[in-house]
Novice: 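Below is a structure I'd like to ask you about.
Each chain gets a letter, A, B and so on, in the order its sequence line appears, and its residues count up from 1. Note that the structure is a prediction, hence the values are computed from the model and not measured.
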Amino acid sequence: MSEETLPRPERSDDGPGNFVEDIVRQDVAAGKNGGRVVTRFPPEPNGYLHIGHAKSICLNFGLAQKFNGVCNLRFDDTNPETEDVEYVESIKDAIRWLGFDWGDREYYASDYFEQLYDLAEKLIKAGVAYVDSRSLEEIRETRGDFYTPGQDSPFRNRTVEENLDLFRRMRAGEFPDGSHVLRAKGDMTSKDVKMRDPVMYRIKHARHHRTGDRWCIYPMYDWAHGQSDYIEKVTHSICSLEFMNHRPLYHWFLDQIGAPAEERPQQIEFAKLNLTYTVLSKRRLQQLVQSKLVNGWDDPRMPTLVGMRRRGYTPEAIRAFCDRVGVSTRDSIVDITLLEHELREHLNATSPRVMAVLRPLKVVIENWPEDRIEVFHAPYDPEKRDGLSREVPFGREIYIERDDFAEVPPNKWFRLAPGQEVRLRYACILRCVGVVKNEKGEVVELRCTWDEGSRGGAAPDGRKIKGTLHWVSARHGLPAEVRLYDRLFKVEYPMAGDDKNDWLKHINPDSLQVLTGCIVEPSLANTQPLDRMQFERIGYFCTDLDSQPGALVFNRTISLKDTWAAIARKGEEG
RNA sequence: UGGGGGAUCGUCUAAUGGCAGGACUACGGAUUCUGGCUCCGUAUAUCAAGGUUCGAAUCCUUGUCCCCCAGCCA
């Protein structure tokens with residue numbers, strides 16, 4: 001074993017760990033950066049955060065927590081034409097909602113414009129940056145391509161004095177957009193196209209959401225980002241795979257400004273998140289919003305954090321998911337069932353249970369007196385028996401789910417059918433003795449009798465009742481609208497097509513189904529937006545932002561697993 | 001035709017020359033006043049070929065496939 005071989009990194013007990021964590025752990029153990037760990041989450045404020053960003057947020061903030069470091073929130077606001085404070089606020093909300101706190105470490109690349117400018121002058125004085133006064137087209141044409149080297153700009157040999165003068169006048173606003181750029185003197189013959197005299201500054205007479213009209217030149221990403229990391233003393237600058245191509249330039253700029261070896265940030269790339277049945281690029285998400293395929297950025301079908309919040313996702317579930325998917329350097333597409341699993345897991349543990357009937361079918365209990373009302377006490381949490389319960393009134397007329405009755409029951413049917421018994425949850429045992437149909441032959445009402453010994457739902461003789469149905473008293477139930485959400489795309493890989501616009505063809509036309517005429521139990525009368533609950537036997541729901549007392553609206557966050565659906569499907573096939 | 005990366009169950013991820021493990025999914029069963037939850041079980045993987053080695057997912061060679069790069073976007 002050579003002396004240079006580093007010891008195998010110890011894995012921590014909490015969580016699965018990943019290669020980035022291994023690197024940080026080794027760095028800390030080796031005393032690099034004096035053992036400090038500083039990460040950063042660097043969103044550009046030009047869009048809403050989505051589940052993919054959550055992975056990065058969890059990684060960066062998680063690393064800081066794990067190693068007693070800090071994580072900066074830094075807005076990468078170097079392109080005023082696309083950025084806005086609206087996004088800054090939404091990004092901060094989303095990060096807070098996810099459960100992370102950046103304390104007072106809220107930074108903006110625009111806060112460093114002056115320092116960045118000074119550094120740029122330093123590079124000019126050192127002869128490694130020059131003002132190129134050609135058009136965008138000319139610059140592009142002479143950059144060469146993957147196979148042919150670029151050619152030096154005729155302005156490459158301007159004197160330091162001339163460059164300085166021009167650059168200062170660029171800043172002073174003497175030139176129109178596109179007339180000059182500041183370029184670094186890289187190597188126009190480099191096989192690495194990024195090194196062919198990268199542009200550092202461009203002229204943009206645009207108002208910036210923070211600096212207003214103070215600047216009319218703005219730094220490019222490659223120049224701004226690494227130097228901002230350095231200014232903030234970031235130790236580990238974690239970004240996605242496509243920036244791997246930028247890493248040589250990242251280090252080259254750090255070399256040029258004379259960043260001491262022991263203080264320079266290290267760029268580490270990881271594979272960003274992709275999800276089945278989902279698109280996760282800002283541009284495409286924006287397209288969905290603008291073309292009104294969804295109702296805004298917070299549409300519950302959107303993979304944005306605001307959308308997921310409105311849908312009823314919990315931050316805990318999203319964080320658990322991010323931990324679970326791991327971090328690696330290979331492109332991957334995570335099965336959305338993993339996300340759904342974490343969601344159900346957390347919702348199952350935390351959601352109060354209530355009853356709601358989505359597609360009501362009236363049931364008249366013939367041997368129950370007309371005006372007799374019974375109030376049952378039903379626990380909010382049947383598993384933990386935490387003592388909390390609500391009152392659920394019961395009477396002669398109730399509603400059950402249409403799907404819970406079959407005139408001709410298929411195999412293994414545990415639910416209601418003529419002559420068959422079921423239990424009404426927490427209420428009693430019921431037998432169907434008659435079916436009322438309309439002139440079209442549709443079932444409109446069920447006539448039933450109840451077993452008078454089964455008050456509360458227990459069988460007096462201990463007989464097994466296989467099926468238990470949810471129900472709502474007709475007299476006490478509250479009307480409600482329920483919005484059923486499904487995956488936004490019909491296919492697993494919407495982006496798989498050769499044609500770049502094929503993904504839009506895979507939109508699921510049934511991703512939103514609005515049910516009116518639903519009936520929920522009276523305990524929900526005062527529910528507030530974003531309250532979460534389980535509708536027993538149906539799924540997890542949350543009260544929508546549109547909901548009001550007297551006009552209740554619920555979103556289906558996710559259905560319960562439905563074993564019966566699989567059995568029924570097989571019954572049909574077989 | 002250049003450069004930079006990457007290939008492990010259907011999916012995500014472990015392994016750092018020494019029993020290919022875990023989770024999700026799927027399937028089967030037990031339990032159940034939610035056809036939920038829980039519990040138990042089953043199935044499925046090292047891109048290919050060659051080499052080094054007692055021993056290879058791991059090292060070497062050759063090949064194949066996938067991703068990224070030619071913004072005055074980030």
Novice: Without decimals, in angstroms, what is the distance between A:I139 CD1 and B:A70 C1'?
Specialist: 14 Å

Novice: Less than 4.0 angstrom between a side-chain N/O of A:R143 and OP1 or OP2 of B:C72, yes or no?
Specialist: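 For A:R143, the contact criterion (side-chain N or O under 4.0 Å from OP1 or OP2 of B:C72) is met.
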
Novice: Judged by each residue's nearest nucleotide on RNA chain B, which is more toward the 5′ side, A:P219 or A:F535?
Specialist: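 So the residue in question is A:F535.
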
Novice: Report which part of the nucleic acid A:T82 touches: base, sugar-phosphate, or nothing (heavy-atom distance under 4.0 Å, all strands).
Specialist: nothing

Novice: Any side-chain N or O of A:R344 under 4.0 Å from OP1/OP2 of B:U34?
Specialist: no

Novice: Quick one: is A:T78 getting a side-chain N or O under 4.0 Å of the B:A74 phosphate, OP1 or OP2?
Specialist: yes

Novice: Using a cut-off of less than 4.0 Å, is there contact between a side-chain N or O of A:K204 and OP1 or OP2 of B:C73?
Specialist: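 True: A:K204 side-chain N/O within range (under 4.0 Å) of B:C73 OP1/OP2.
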
Novice: For A:R455, look at atom CZ and say whether over 12 heavy atoms of other residues, nucleotides or ligands are found less than 6.0 Å away.
Specialist: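 Open.
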
Novice: What integer distance in Å separates A:L347:CG from B:U34:P?
Specialist: 19 Å

Novice: Please state how far atom NE2 in A:H225 lies from atom C1' in B:A74, giving the value in whole angstrom units.
Specialist: 9 Å

Novice: Just to be sure I understand the rule, does A:R183 reach a base, reach only the sugar-phosphate, or reach nothing, if contact means heavy atoms closer than 4.0 Å?
Specialist: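 If one applies the 4.0 Å heavy-atom cut-off, A:R183 turns out to touch nothing in the nucleic acid.
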
Novice: Provide, to the nearest angstrom, the distance between the CG atom belonging to A:L182 and the P atom belonging to B:C72.
Specialist: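 My rounded result for the distance is 13 Å.
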
Novice: Return yes if a side-chain donor-acceptor contact under 3.5 Å exists between A:T304 and A:H50, otherwise no.
Specialist: no

Novice: For A:T314 and A:R532, does a side-chain donor sit closer than 3.5 Å to a side-chain acceptor?
Specialist: no

Novice: Report yes or no: do A:R158 and A:S133 form a side-chain donor-acceptor pair below 3.5 Å?
Specialist: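 Judged by distance alone, the side chains do pair up.
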
Novice: Which of residues 186-197 of chain A sit near RNA chain B, with a heavy atom under 4.0 Å from it?
Specialist: A:K191, A:V193, A:K194

Novice: Taking OP1 and OP2 of B:C73, is either one under 4.0 Å from a side-chain nitrogen or oxygen of A:R202?
Specialist: yes

Novice: Need the pair for B:C59. Rule: Watson-Crick or G-U wobble, both distances under 3.5 Å, any strand; none if unpaired.
Specialist: B:G51

Novice: So do the side chains of A:V131 and A:M170 get within less than 4.5 Å of each other, counting heavy atoms only?
Specialist: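 A side-chain contact exists here, since the closest heavy-atom pair is under 4.5 Å.
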
Novice: For the P atoms, the ones on B:A56 and on B:C19, what distance do you get once it is rounded to whole angstrom?
Specialist: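 Approximately 12 Å lies between the P atom of B:A56 and that of B:C19.
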
Novice: Considering just the side-chain nitrogens and oxygens of A:T563, establish if one lies under 4.0 Å of OP1 or OP2 belonging to B:G36.
Specialist: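 The answer is yes; a side-chain N or O of A:T563 sits under 4.0 Å from OP1 or OP2.
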
Novice: From CZ of A:R423 over to P of B:U32, roughly how many Å is that when rounded to an integer?
Specialist: 11 Å

Novice: Checking A:N46 against A:E83: is there a side-chain donor and acceptor pair closer than 3.5 Å?
Specialist: no

Novice: Picking from B:C69, B:C24, B:U11, which would you name as closest to the side chain of A:F146?
Specialist: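 Of B:C69, B:C24, B:U11, B:C69 is nearest to the side chain of A:F146.
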
Novice: Please pick, from B:U34, B:A70, B:G35, the nucleotide with the shortest atom-to-atom distance to any side-chain atom of A:R415.
Specialist: B:G35

Novice: How do A:L241 and A:K412 order along RNA chain B: which one's closest nucleotide is nearer the 5' end?
Specialist: A:L241

Novice: Does A:R140 make a side-chain N or O approach to OP1 or OP2 of B:G71 shorter than 4.0 Å?
Specialist: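 Answer is yes, contact under 4.0 Å.
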
Novice: Check whether any side-chain nitrogen or oxygen of A:R537 sits under 4.0 Å from OP1 or OP2 of B:G35, and answer yes or no.
Specialist: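 Indeed, a polar side-chain atom of A:R537 lies that close.
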
Novice: Near A:K272 NZ, under 6.0 Å, is it more than 12 heavy atoms from other residues, nucleotides or ligands?
Specialist: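 For A:K272, atom NZ is not crowded (no more than 12 foreign heavy atoms under 6.0 Å).
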
Novice: Test: salt bridge (Lys or Arg N to Asp or Glu O under 4.0 Å). Region: residues 176-194 of chain A. Which pairs qualify, not counting sequence neighbours?
Specialist: A:D132-A:R183

Novice: Between A:T148 (side chain) and A:G144 (backbone), is there a donor-acceptor pair under 3.5 Å?
Specialist: no

Novice: Quick one: which protein N/O atoms are closer than 3.5 Å to N/O atoms of nucleotides 38-46 of chain B? Pair and distance per line, please.
Specialist:
none

Novice: Name the one of A:R353, A:E401, A:E521, A:R425 that satisfies side chain to side chain donor-acceptor pair (under 3.5 Å) with A:H470?
Specialist: A:E401

